[in-house]
Undergrad: 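Before I ask anything, let me first share the structure, which is written out below as structure tokens.
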Amino acid sequence: MGTRRVFSGIQPTADSFHLGNYLGAVRQWVDLQESRETIYCVVDLHAITVPYDPQVLRRRTRIAAAQLFASGLDPERCILFVQSQVPEHAELNWVLGCLTGFGEANRMTQFKDKSAKGGADSASVGLFTYPILQAADILLYQADEVPVGEDQRQHLELSRNLAQRFNHRFGETFTVPAPYILPAVSKITDLQDPTSKMSKSSSSPQGIIDLLDEPAAIRKKINRAVTDAESVVRADDEAKPGVTNLLRIYAALSGEKIDDIAARYGDGGYGGFKKDLGNLVADTFGPIRERTAKHLADTDALDALLEDGARRARAIATATMAQVRDRCGFPAVNS
């Protein structure tokens, strides 16, 4: 069957990825380089569905790429590029948009959730059609698999439906992507509100651990994380959500089982447990922070890596779009 191709993307919507991003996506991407043909993308086009500052977007795009390289993405083993540097994404988005029913697009729950927060009248058409661009991202590279969490399953199903619809109407063109279910990583919650997901848009600064936080800041945030009055380290989602969240973080970074960690600390209180966890997180993120800083100190070299990634990505994208144009009845584009 050959090596299966994986595609995934991440938005440059903050000055640093957070712990949840790292465990749920970035670390998994690094691991997939060992067994798949991997194509990854900083999806800056997706980041402009809401008002934004162009200079901030440009800076954050570089920061996102630097963190990905620093976390272990290897340009010799994967393709990493910036979405807007491959214009075929926008072209295929239009073609697929013309195959998507309004009712079909209107059923996307993420648009409903996001537009409800700011009001439907102020939501952009780009936010509404976001899943169609996401489908274009995936289908453009003939991806066999797409790493997904539960919140993206509906969007991937739209990608599958559009691939099958195009193939049925115009002839076999697109690979129908399958979900790649990431190894189980329990949801990482806010350190100050362990009933809520750790999120850049809703967590307080003290409730979120950034990949680029200084070690002292990481240790302080862990030390101040909400727990309970029992002083027993054990997992219990209902009675002890804060301690359970810390145990999940410890297990995810150490590779140990939650029950083994809990047994080691037992009823000895939270002080030693939090101290060790703070050191573990700081020691994990410290080298990534240092490597990120080196990449950002030489933006010419960083940009060259991304330009090379875009060149390699575009070789695939242009081949796909040549087929799409031909089957849609468009004139050939002479390069």
Side-chain angles (χ1 to χ4, degrees), residues 6-34 36-48 52-90 137 140-141 147 200 205 208-219 221 253 280-318:
V6 165
F7 176 88
S8 195
I10 194 166
Q11 283 199 50
T13 52
D15 287 333
S16 174
F17 299 142
H18 61 67
L19 178 63
N21 300 140
Y22 177 75
L23 293 176
V26 177
R27 190 175 65 169
Q28 318 286 351
W29 289 10
V30 173
D31 292 342
L32 281 169
Q33 293 177 125
E34 302 297 330
R36 303 291 198 279
E37 179 186 353
T38 47
I39 302 175
Y40 301 127
C41 183
V42 180
V43 289
D44 55 341
L45 295 179
H46 285 291
I48 67 170
Y52 71 100
D53 181 323
Q55 296 305 318
V56 172
L57 175 63
R58 185 173 290 112
R59 186 188 76 242
R60 287 177 170 175
T61 297
R62 281 198 178 109
I63 292 172
Q67 289 175 93
L68 292 171
F69 285 128
S71 296
L73 290 191
D74 182 353
E76 298 296 323
R77 295 189 295 160
C78 75
I79 296 174
L80 175 63
F81 69 103
V82 177
Q83 183 186 28
S84 62
Q85 290 186 307
V86 180
E88 286 78 9
H89 286 258
D137 299 337
L140 197 57
Y141 298 98
K200 285 287 186 180
I208 192 168
I209 294 178
D210 283 333
L211 196 58
L212 302 183
D213 274 342
E214 293 288 340
I218 290 173
R219 295 186 182 100
K221 289 178 181 181
L253 293 177
L280 174 61
V281 179
D283 290 347
T284 300
F285 286 178
I288 297 174
R289 189 185 69 257
E290 292 171 6
R291 290 192 293 268
T292 299
K294 289 180 180 179
H295 281 294
L296 293 173
D298 189 351
T299 55
D300 287 345
L302 178 60
D303 289 349
L305 284 174
L306 293 172
E307 287 166 9
D308 184 63
R311 177 188 59 78
R312 294 161 63 199
R314 199 167 187 201
I316 302 169
T318 52

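Every value quoted in this text rests on a predicted model; they were computed, and no experiment measured them. Along the sequence shown, residues carry numbers from 1.
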Undergrad: Say you draw a straight line from CZ of R314 to CD1 of I79; how long is it, rounded to the nearest 0.5 Å?
TA: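 Here the interatomic distance stands at 14.0 Å.
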Undergrad: So do L140 and I316 actually touch side chain to side chain, heavy atoms under 4.5 Å?
TA: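 Not in contact.
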Undergrad: Does the side chain of R27 reach to within under 4.5 Å of the side chain of S71, using non-hydrogen atoms?
TA: no
Undergrad: Report the residue from V42, V43, L45 that forms a side chain to side chain contact (heavy atoms under 4.5 Å, CB included) with S84.
TA: L45
Undergrad: With sequence neighbours left out, which residue pairs that include part of residues 281-293 fulfil the side chain to side chain donor-acceptor pair (under 3.5 Å) condition?
TA: none
Undergrad: Does the side chain of Q67 reach to within under 4.5 Å of the side chain of V26, using non-hydrogen atoms?
TA: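 Not in contact.
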Undergrad: Would you call D44-R58 a salt bridge at under 4.0 Å N-O?
TA: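 Looking at D44 and R58, the cut-off is not met.
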Undergrad: Could you check if a side-chain atom of W29 sits within less than 4.5 angstrom of a side-chain atom of L73, using non-hydrogen atoms only?
TA: yes
Undergrad: What are the two closest non-hydrogen atoms of L32 and T38, and how far apart are they?
TA: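 Here L32 and T38 meet closest at O-CG2, 3.6 Å.
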Undergrad: Taking C-beta and beyond as the side chain, do H18 and L211 meet within less than 4.5 Å on heavy atoms?
TA: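 With C-beta onward as the side chain, the pair stays apart.
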Undergrad: Is the CZ atom of R77 crowded by more than 12 outside heavy atoms at less than 6.0 Å?
TA: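 Yes.
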Undergrad: To the closest 0.5 Å, what do you measure between CD (E307) and CD (Q85)?
TA: 6.0 Å
Undergrad: Calculate, to the nearest 0.5 Å, the distance between atoms CZ and CG belonging to R62 and L296 respectively.
TA: 9.0 Å
Undergrad: Can you list every ring-ring contact (aromatic ring centres under 6.0 Å, His included) pair that touches residues 291-312, not counting sequence neighbours?
TA: F69-H295
Undergrad: Hey, what's the ring geometry for Y141 with H89, parallel, tilted or perpendicular (30° and 60° as the breaks)?
TA: tilted
Undergrad: Between E34 and D31, is there a donor-acceptor pair closer than 3.5 Å when you use the side chain of the first and the backbone of the second?
TA: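 No.
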Undergrad: With the side chain counted from C-beta on, respond yes when D137 and H46 share a heavy-atom pair under 4.5 Å apart, and no when they do not.
TA: yes
Undergrad: Provide the closest heavy-atom pair for C41 versus L80 in the form atom of the first, atom of the second, distance.
TA: N-CD1, 4.2 Å
Undergrad: I'd like to check P12 versus L57 (side-chain heavy atoms, cut-off strictly below 4.5 Å). Are they in contact?
TA: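 With C-beta onward as the side chain, the pair touches.
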Undergrad: Mind checking whether L212 and I63 have side chains closer than 4.5 Å, heavy atoms only?
TA: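 Heavy-atom side-chain distance check passes, below 4.5 Å.
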Undergrad: Please give me the minimum heavy-atom distance between Q28 and G24, naming the atom from each residue.
TA: CG-O, 3.6 Å
Undergrad: Could you grab the distance from atom CZ of F285 to atom CG of D210, nearest 0.5 Å is fine?
TA: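 F285 atom CZ to D210 atom CG measures 9.0 Å (nearest 0.5 Å).
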Undergrad: Hey, what do you get for CG (L68) to CD1 (I288), rounding to the nearest 0.5 Å?
TA: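 Output value for this atom pair is 10.5 Å.
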Undergrad: Identify the two heavy atoms, one from T318 and one from E88, that lie closest to each other, and give their separation to 0.1 Å.
TA: CG2-OE2, 3.1 Å
Undergrad: Which residues pass the side chain to side chain contact (heavy atoms under 4.5 Å, CB included) test with D53, sequence neighbours left out?
TA: Q55, V56
Undergrad: Could you tell me whether a side-chain N or O of K294 sits under 3.5 Å from a main-chain N or O of A70, the two making a donor and an acceptor?
TA: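 Judged by distance alone, no pair lies under 3.5 Å.
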Undergrad: Kindly compute the distance separating OH (Y40) from CZ (F7), expressed to the nearest 0.5 Å.
TA: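 It is 10.5 Å, given to the nearest 0.5 Å.
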Undergrad: Say whether, by atom type as modelled, one donor and one acceptor occur between the side chain of R312 and the main chain of C78 under 3.5 angstrom.
TA: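 Judged by distance alone, yes, a pair lies under 3.5 Å.
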